[in-house]
Amino acid sequence: MIEVRQLMAEVIKKLSETTEYNQYHTLLERVKAQPDLYHRISEFRKKSLALQLSDNVNPIQANNNLQNEFGDLQNNGLANDFLVAEHQYCTMVRSLQEQFLDGVGISTDFMEE
């Protein structure tokens, strides 16, 4: 188990050296320096996640409503850059998670039912 933990520490260290990680964290700090903007982005992220996890009858309309409600963020360069960087970083982490789960043989078929 010690070897596995050491390997995980190495993976985490390598992850922190990626462009995706660094862009996300750099932009996160810039956004946090503007509390009103950070709060607005946080509201969007919460509602977006809730929408993604819901069994909404009309997800396209719900997403359009969300985009309209937070249209100001799309017009704010910093907010838009942060959301793009967050998406890229999360996509990378999700890919690593999928590779890990596939590699260790944990069945996740039940998630697709």
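Index from 1, following the sequence. Worth knowing before you read on, the calculation uses all heavy atoms, side chains too, and leaves out hydrogens, waters and symmetry mates. Because the structure is predicted, anything quoted here is derived from the model rather than measured.
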Distance, nearest 0.5 Å, that separates CZ of Arg94 from NE2 of His87: 6.5 Å

Could you measure the distance from the CD atom of Gln74 to the CD atom of Gln67? Nearest 0.5 Å is fine. 4.5 Å

Criterion salt bridge (charged side-chain N to carboxylate O under 4.0 Å, His left out) on Glu17 and Lys13, from CA distance to verdict: CA-CA 7 Å; Glu17 296 170 359; Lys13 182 180 183 312; 2.7 Å; yes

According to side chain to side chain donor-acceptor pair (under 3.5 Å), does anything in residues 46-55 pair up with another residue at least two apart or in another chain? List the pairs. Lys47-Glu69, Ser48-Gln52

Out of the candidates Asn63, Asn58, Asn65, only one should pair with Gln61 under the side chain to side chain donor-acceptor pair (under 3.5 Å) rule; please name it. Asn65

Do Leu83 and Val93 land in one hydrophobic cluster if side-chain heavy atoms of ILVMFWY residues count as linked below 4.5 Å? yes

Would you please name every residue forming a salt bridge (Lys or Arg N to Asp or Glu O under 4.0 Å) with Asp72, sequence neighbours left out? Arg40

In short, Tyr21 meets Ser16 closest at the heavy-atom pair CD2-O, 3.2 Å

Which heavy-atom pair separates Ala33 from Pro35 by the least distance, and what is that distance? O-CD, 3.4 Å

Is there a continuous path of hydrophobic side-chain contacts, each under 4.5 Å between heavy atoms, that joins Leu78 to Val84? no

Could you tell me whether the side chain of Asn76 reaches within less than 4.5 Å of the side chain of Leu37, counting heavy atoms only? yes

What do you reckon, is CG of Leu49 surrounded by more than 12 foreign heavy atoms closer than 6.0 Å? yes

Would you say Asn75 and Asn80 make side-chain contact, with heavy atoms under 4.5 Å? no

Between OH on residue Tyr38 and CD on residue Glu29, distance to nearest 0.5 Å: 9.0 Å

Non-hydrogen side-chain atoms of Leu15 and Met92 separated by less than 4.5 Å: yes

Quick one: which residue pairs count as a ring-ring contact (aromatic ring centres under 6.0 Å, His included) with a foot in residues 93-113, not counting sequence neighbours? none

Who passes ring-ring contact (aromatic ring centres under 6.0 Å, His included) against Phe44, sequence neighbours left out? Phe70

Enclosure of His25 NE2 (heavy-atom neighbours >12, cutoff 6.0 Å): yes

For Leu101, which residues count as a side chain to side chain contact (heavy atoms under 4.5 Å, CB included) partner, sequence neighbours excluded? Gln97, Ile106, Thr108

Residues passing the salt bridge (Lys or Arg N to Asp or Glu O under 4.0 Å) test with Glu20, sequence neighbours excluded, are none

Supply the atom-to-atom distance Asp81 CG to Thr26 OG1, rounded to the nearest 0.5 angstrom. 12.0 Å

Val31 versus Ile41, closest heavy-atom pair with distance: CG1-CD1, 3.6 Å

Counting only heavy atoms not in Arg45, do more than 12 sit closer than 6.0 Å to its CZ atom? yes

